[in-house]
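Here the structure comes first, spelled out in structure tokens, and everything after it is commentary.
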Protein chains: 2
Amino acid sequence: MDPMPQVPDYRPLYQQVRDLLRRRIVDGTWRPDEVLPSEGRLAAELGVSQGTVRKALDEMAAQKLVVRRQGRGTFVAAHSPDTTLFHFFHMVDRAGERQVPESELLDCRRGIAGPAETEALQLMPGAMVLRIDRRRMIGGAPAIVERIAVPQALFPDLDVLEEDGLPNTLYDLYQKRYGVTVGRATERLRAVAATAEDADHLGVEPGAPLLEIERIARDLDDGPVEWRLSRCLTDRLAYLSELT
Amino acid sequence: MDPMPQVPDYRPLYQQVRDLLRRRIVDGTWRPDEVLPSEGRLAAELGVSQGTVRKALDEMAAQKLVVRRQGRGTFVAAHSPDTTLFHFFHMVDRAGERQVPESELLDCRRGIAGPAETEALQLMPGAMVLRIDRRRMIGGAPAIVERIAVPQALFPDLDVLEEDGLPNTLYDLYQKRYGVTVGRATERLRAVAATAEDADHLGVEPGAPLLEIERIARDLDDGPVEWRLSRCLTDRLAYLSELT
DNA sequence: CAGTGGTCTAGACCACTTA
DNA sequence: AAGTGGTCTAGACCACTGA
């Protein structure tokens, strides 16, 4: 598959193929929603059997890096409001139904990264970040307040865009406008007491228990691209976690 | 693979094989930690190719129903304290390290299922449950109080066993002593205010914010086998959720 | 209709484990 | 050395899609 590798690679062929195809997606050779060459073509190009390409693509599909559609082809996975909500928004109502929140912008401005942001986003000291404060409503009632911080270097004009109104789901915007694909995220959940400001936005008493969700979202190369701190009312909603 | 199926099955062969093997594990034909027949033997027995059996077993391995060990064979997955903690205990410290909690039994008694238990465990009205109240310590300090409720029908003498001290991880006990394998669980997280009793056990003020985790654990047939309500101090710990 | 991914097969060889 | 799962190949046929 590679006539003159600089460093001989003794890993199984299908893993080499998988990582090569993955690299091409990350590099932008094929962009989100684009179709990859067929299994047969890739096999011929790389000099391996179709079964080996298939095994590589199957693993990438399991990892949601590509989507396979019988009769049509294999496509680079793209975020959409639906997939974003499904994967990254875990609040459900009493009946266990996933609720779609509305967003209300509170504030959006640039600033120098604080210690927590520098640490979470692995920035150089003094780097600039954009901060977005939002309130999110479920069924018209305030449910969540959140602070989102992203490196300004990755999203140079996100704050200008704000004038036109930010979309409810940001990850498809990150992907389509800035070429930043969120591949995975880590969330840490804690219970905290509402600050005076939280209480004001959510319509509760200061000191009321809130579910705090701290999220670090990473791109396909595992670099941090977003730090997010959400505080949620959990009288009508709960965070759903499936252990399988 | 089946010469006279009562109802013709048009699903792919490997899915039929997968479900048949799965059925045998659930039925106890092969018990936890036992080795299955080799791929070749299964293929011959079922009249399919080895590749088809392989695809079925690979899916079961991805689902953690079996464990494959090169050179040795394919084994029915079994719980151990380690796998249980890794899969079902998500509290981590500030550094992101998973912490192993100690357990201190507070109470253990039988009772008639209340409405919440009847609902969660899908019991008949008036059915008996066993309730276990525990306090869990991290590094010697109280961190969690929890109530566990299980149908008495499934674990007839669990409360008698308590005299010898319950193990720290219950799921391997459920499996080895009662033949009940927990295959998956659903958790709902909320923020609540500590009751006077919570506060007493955890050494905080009443009203302090606690992370409440409500878990329903299910067996391999998806029937509920345990209902658990944990309340956690999150000053030193956080609930870790990986979104991939 | 041609082209795609999905299934199934048969066989070769490799890597690892146990005896 | 024998037996296991892991990799890789080649080829057949099926199911689905879109021109």
Would you say a side-chain N or O of [X] is under 4.0 Å from OP1 or OP2 of [N]?
X     : N     : value
B/T74 : D/dG5 : yes
A/T52 : D/dT7 : no
B/S38 : D/dG3 : no
B/R68 : D/dG6 : yes
B/R72 : D/dG5 : no

With the side chain defined as heavy atoms from C-beta on, A/S49 is closest, among C/dC8, D/dG5, D/dC8, to D/dC8
Under 4.0 angstrom, heavy atoms only, what part of the nucleic acid is A/R41 near: base, sugar-phosphate, or nothing?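 Counting heavy atoms under 4.0 Å across all strands, the contact made by A/R41 is with sugar-phosphate only.
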Salt bridge or not for B/R184 and B/D222, using N-O below 4.0 Å?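 Salt bridge flag = yes for B/D222 with B/R184.
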Should the pair B/D27-B/R23 be classified as a salt bridge under the 4.0 Å nitrogen-to-oxygen rule?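 So B/D27 pairs with B/R23 through a salt bridge.
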Please confirm whether B/R98 makes a cation-pi placement over B/F86, using NZ or CZ under 6.0 Å from the six-membered ring centre and within 45° of the ring normal. yes
Under the 6.0 Å and 45° cation-pi test, does A/R69 pair with A/F75?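 Checked: cation-pi criterion met.
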If each of A/R54 and A/G71 is mapped to the nucleotide of DNA chain C with the nearest heavy atom, which maps nearer the 5' terminus, i.e. the 5' end?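 Of the two residues, A/G71 wins.
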